[in-house]
Protein chains: 2
Amino acid sequence: MRTVVCVSMLEHLNKEIGKRKAMDAEILDQDIKAKGLKVTIPRMKVLAVLSAEKDAPHLSAEEVYNRLLAMGEEVSLPTVYRVLAQFESAGLVKRHCFDGDRAVYEIDDGEAHNHMVCVCCSEVIEFVDSVIADKLQRLAAYQGFTISDYNLVLHGVCAQCK
Amino acid sequence: MRTVVCVSMLEHLNKEIGKRKAMDAEILDQDIKAKGLKVTIPRMKVLAVLSAEKDAPHLSAEEVYNRLLAMGEEVSLPTVYRVLAQFESAGLVKRHCFDGDRAVYEIDDGEAHNHMVCVCCSEVIEFVDSVIADKLQRLAAYQGFTISDYNLVLHGVCAQCK
DNA sequence: CTCCCTGCAAATCCTTTGCACGACA
DNA sequence: TGTCGTGCAAAGGATTTGCAGGGAG
């Protein structure tokens, strides 16, 4: 994954800090506990897999499950779904439906960001843009609409695939 | 549905023209024929239901199916799915996954627009904004990413629900 | 010790497909 | 007449749930 910063370096810094925090196993466990969830092996491992940002940080439930199997962890697929759902409610992970087919999950570092998804290689490029965010707020306010969350996904062809 | 125009009156006019065109039954049939599809009753009726913009113009396959039943049309659910899929390929309708649960369909008037979806009443407010569209093009270009399509959905609470 | 969490299996939901019949060109 | 479109039933895949046993606090 490539993370792109387009507007402010401050946003970039905040994001990196969030990532670093999220990668620390102890803190991850504390996050689980802080949400009133017991710190169990499946929960720790699921969060660990999603925090391992070397490769795709956007994993489907089944992909998470497969990574766990590869790690030698004995976790069932329903548990992965349950844990992910709980983490989403707890604000620890974010769920996206890029294609409407299967959902993908990523660590929720608290910062809203958007995605470009390559239709060829499925690579995901994240980006933030405060101009767009501000504009959306204004457009919503104009409608008397209060934004709780928004999804912005670009589909197209990435640089490598051209 | 309320349609909101935020930037240019030209966009608004174009859209209204598209809507009016889409509501004319004969032209709808011609659209079907123009795509190399036979003009059959299920196809005409599905397009008619989606073109009736009095109420929600964003219908799931099952909702389309129910409207057809209410109209006394004998159409099967698989056929509705098939027709909608064909129409999507033909560019007559657009498919969206607002919540990732069930897909919804709307007439594709050729103009890209975005959606605000109320989490309370499910009302959908459409809006267009060329500033955002331009900004996205620039952001994508900066990445060497060619946008083929994009989805922007705001979730939140609409004015009525407050 | 008690309640929460998990695994297993089965169920559910939306959506798609196989097949044979009927309709339009 | 041949191909395309449809209905029906069944399959398919992702996700959820019921239940009983096991583990965390």
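Excluded from the calculations below are hydrogen atoms, water molecules and symmetry mates; all remaining heavy atoms, backbone and side chain alike, are included. Residue numbers start from 1 in every chain, and the chains themselves are labelled A, B, ... in the order their sequence lines are given, proteins ahead of strands.
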Trainee: In whole angstroms, how far is the C1' atom of C/dC13 from the CG atom of B/Leu77?
Mentor: 12 Å

Trainee: Tell me what A/Pro78 touches on the nucleic acid: a base, only sugar-phosphate, or nothing, going by heavy atoms under 4.0 Å.
Mentor: base

Trainee: Could you tell me how far apart A/Tyr65 (OH) and C/dG7 (C1') are, to the nearest whole angstrom?
Mentor: 10 Å

Trainee: Where the side chain of B/Arg43 is concerned, which of C/dT15, D/dG25, D/dG5 is the nearest nucleotide?
Mentor: D/dG5

Trainee: Angle class for the B/His58/B/His115 ring planes (parallel below 30°, perpendicular above 60°, tilted otherwise)?
Mentor: perpendicular

Trainee: Considering every strand and a 4.0 Å limit on heavy-atom distances, what is the contact class for A/Ala103: base, sugar-phosphate, or nothing?
Mentor: sugar-phosphate

Trainee: Between A/Gln86 and B/Asp101, who's closer to the 5' end of DNA chain C by nearest nucleotide?
Mentor: A/Gln86

Trainee: Would you mind reading off the distance between B/Met44 atom CE and D/dT6 atom C1', rounded to a whole angstrom?
Mentor: 14 Å

Trainee: In terms of side-chain geometry, is the basic nitrogen of B/Asp129 or A/Arg138 positioned less than 4.0 Å from the acidic oxygen of its partner?
Mentor: no

Trainee: For DNA chain D, whose closest nucleotide is more 5', that of A/Tyr105 or that of B/Glu74?
Mentor: B/Glu74

Trainee: Taking only N and O in the side chain of B/Tyr81, is any of them less than 4.0 Å away from OP1 or OP2 of C/dT15?
Mentor: yes

Trainee: Checking contacts here: which listed nucleotide (D/dT6, C/dC5, C/dT6) is nearest the side-chain heavy atoms of A/Arg82?
Mentor: C/dT6

Trainee: Parallel, tilted or perpendicular: which describes the rings of A/His113 and A/His96, with under 30° parallel and over 60° perpendicular?
Mentor: tilted

Trainee: Nearest to the side chain of B/Leu37, which nucleotide is it out of C/dT15, D/dT15, D/dG5?
Mentor: D/dG5

Trainee: Which atom names give the shortest non-hydrogen contact between A/Val153 and A/Phe98, and what distance separates them?
Mentor: CG2-CD2, 3.8 Å

Trainee: How many angstroms lie between atom CZ of A/Arg43 and atom NZ of A/Lys38, to the nearest 0.5 angstrom?
Mentor: 8.5 Å

Trainee: If you check the A/Lys38 side chain, which of C/dG7, D/dG25, D/dC4 turns out closest?
Mentor: D/dG25

Trainee: Compare side-chain N and O positions of B/Thr40 against OP1 and OP2 of D/dT6 and report whether any pair is under 4.0 Å apart.
Mentor: yes

Trainee: Can you tell me if the side-chain N/O atoms of A/Thr79 get under 4.0 Å from OP1 or OP2 in C/dG7?
Mentor: yes

